[in-house]
Amino acid sequence: MNGHEIVYLDDVGLRLGNTIILREAKLSLGPGEKVGLLGPNGSGKTTLLRIIATLLQPTSGSGAVLGAEIGTQDVYEIRNRIVMVGHLPGLWPELTLGENTELVARLSGRSPEVAADALAQVGLARASERRADQSSKGMLRRAELARALILEPTLLLLDEAHAGLDAEAIGMVDTIANRVVAGGGAVMLVSHEPDRLNVHRSVQLVDGTLEMVS
Amino acid sequence: MTFWRQVYEVARKDLLVESRTAEVALMTAPFGAAALILIPLAIGTDAPLLSQLGPGLYWIVVLLFGMLVILRKSAVDGQAQRDLVRLLGIEPAAAFAGATAATSALVLFFEVALGPILIALYNPELRGWPWLFVILPLVAIGMGLLGTIASGVTTSIGTRTSLTPLLIVPLSLPLLMGATQALEGLRLGRGIVPWLILLFAVDLALAVSGVLAARPLEEAVT
């Protein structure tokens with residue numbers, strides 16, 4: 001660890017009951033880096049993202065995210081610099097897309113106008129009154145991307161980054177990821193389609209361990 | 001963002017979700033009302049007996065059907081929503097207080113909605129009725145606190161929410177006792193201050209426990 005990494009994992013492992021999800025995972029993610037995370041279904045990609053997002057504590061190993069050591073109270077201070085777009089939408093189904101994004105803006109201390117602007121940028125300005133549970137998967141993903149625009153994170157984690165998105169929205173993912181990287185942040189994208197990943201390098205989860213992809 | 005602003009936003013969100021589903025107004029309240037209507041049919045038309053039993057039965061219905069109100073929190077937030085709240089840096093105690101405020105408001109609405117049925121069917125003596133402005137909120141806050149704590153516990157240990165009533169019912173007994181005895185005290189013209197103190201003490205103990213446990217429960221989620 002050189003002190004400048006945005007994400008640093010050293011021999012991180014996770015065991016849930018008798019199941020080993022991760023073993024001795026090593027990862028370093030520096031400023032301006034965009035890294036792909038590959039692996040088959042159930043290989044632990046989402047779990048690894050949740051560990052990097054400081055939402056889940058590893059059972060072995062050590063690491064730091066945005067300078068905060070994983071497993072310590074320091075992570076509470078840096079969480080608001082992380083945006084994770086999971087494969088399940090972080091939206092309340094009964095609220096409209098506009099209300100959901102506005103809630104994110106309000107809870108992060110920003111004005112509702114920022115939310116409306118972000119929604120427009122992801123092409124949902126005319127759908128802001130539509131309830132989340134009446135929106136398509138692609139619209140939900142776009143609303144999630146709007147969250148990244150509102151919060152301007154230093155670390156952006158995108159699970160199944162391109163799933164359910166049309167060509168325009170896939171371009172949007174790249175634009176938002178590039179914006180984070182250009183600002184000195186880092187991005188990690190999970191995808192089942194390596195060809196679509198426009199990243200600096202990729203790592204793969206195989207049997208719970210992380211391997212470089214050549 | 002200030003602590004109280006976070007509380008306000010979380011409570012506002014929960015009430016907005018409830019206003020869309022209207023579960024309390026359209027499902028739970030009518031069920032509770034049906035229970036209050038069915039009991040006189042079982043007991044018969046013994047008016048003095050109904051008048052005497054009415055307040056106690058009202059609180060039992062509030063407690064049991066209120067369970068449905070306070071368990072709604074578990075259904076509102078899934079893992080993705082909980083992750084979002086954590087990553088937004090919301091203070092767990094603020095999230096706890098906001099959720100409690102929303103749930104307590106819904107329980108209070110439920111209590112008030114059942115009031116006219118209690119009066120119409122049971123004709124209870126309403127001596128000292130202004131005290132209801134104190135008793136009803138104290139019970140509602142207690143149930144809101146219990147529901148939010150129980151929701152956090154079941155989420156953190158990954159158990160089914162159907163087991164939550166097993167946690168809540170025993171802990172809600174002091175609320176039931178305080179509420180029934182306070183109304184009985186009013187009916188008989190006795191002092192009710194000890195029972196109000198009991199209700200307040202239960203609420204305070206639950207609030208302190210909930211605030212202290214909010215962070216550990218949130219971080220225990222896998």
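Labels below follow one simple rule: chain letters A, B, ... track the order of the sequence lines, proteins then strands, and each chain is numbered from 1.
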Using non-hydrogen atoms and a 4.5 Å limit, figure out which bit of B/Leu88 sits close to chain A: side chain, backbone, both or neither. both
Within the structure provided, determine whether B/Arg20 and A/Arg131 are in side-chain contact (heavy-atom separation under 4.5 Å). yes
Stacked cation flag B/Arg86 on A/Tyr76, 6.0 angstrom / 45 deg: no
Side chain, backbone, both or neither: which part of A/Leu91 has a heavy atom under 4.5 Å from chain B? backbone
Given A/Ser108, A/Gly90, A/Gly86, the one with more heavy-atom pairs under 4.5 angstrom with chain B than any other is A/Gly90
Atom CH2 in A/Trp92, atom CG in B/Leu16: separation rounded to 0.5 Å? 11.5 Å
Indicate yes or no: does A/Glu102 engage B/Lys13 in a salt bridge with an N to O separation below 4.0 Å. no
Looking only at heavy atoms, what is the nearest atom pair of A/Pro89 and B/Ala80, with distance? O-CB, 3.4 Å
Can you list the steps and then say if B/Glu18 with A/Glu94 is a side chain to side chain contact (heavy atoms under 4.5 Å, CB included)? CA-CA 8 Å; B/Glu18 171 57 30; A/Glu94 299 84 0; over 6 Å; no
Would you call A/Arg79-B/Glu219 a salt bridge at under 4.0 Å N-O? yes
Please look at A/Gln57 and chain B and tell me whether the side chain, the backbone, both or neither of the residue comes under 4.5 angstrom of a heavy atom of that chain. neither
Going through the distances and angles, do B/Gln79 and A/Leu88 end up as a side chain to side chain contact (heavy atoms under 4.5 Å, CB included)? CA-CA 9 Å; B/Gln79 189 189 64; A/Leu88 290 175; 5.6 Å; no
Is the count of non-hydrogen atoms from other residues, nucleotides or ligands lying under 6.0 Å from B/Phe3 atom CZ greater than 12? yes
So how far is it from B/Arg82 CZ to A/Leu55 CG, rounded to the nearest 0.5 Å? 11.0 Å
Checking A/Pro153 against chain B: side chain, backbone, both or neither under 4.5 Å from a heavy atom? neither
Rounding to 0.5 Å, atoms CG (A/Asn100) and CD (B/Gln81) come to a distance of 8.5 Å
Against chain B, label A/Val75 side chain, backbone, both or neither, depending on which of its atoms sit under 4.5 Å from a heavy atom there. neither
Answer key: most heavy-atom pairs under 4.5 Å with chain A among B/Leu87, B/Leu84, B/Ile90 is B/Leu87
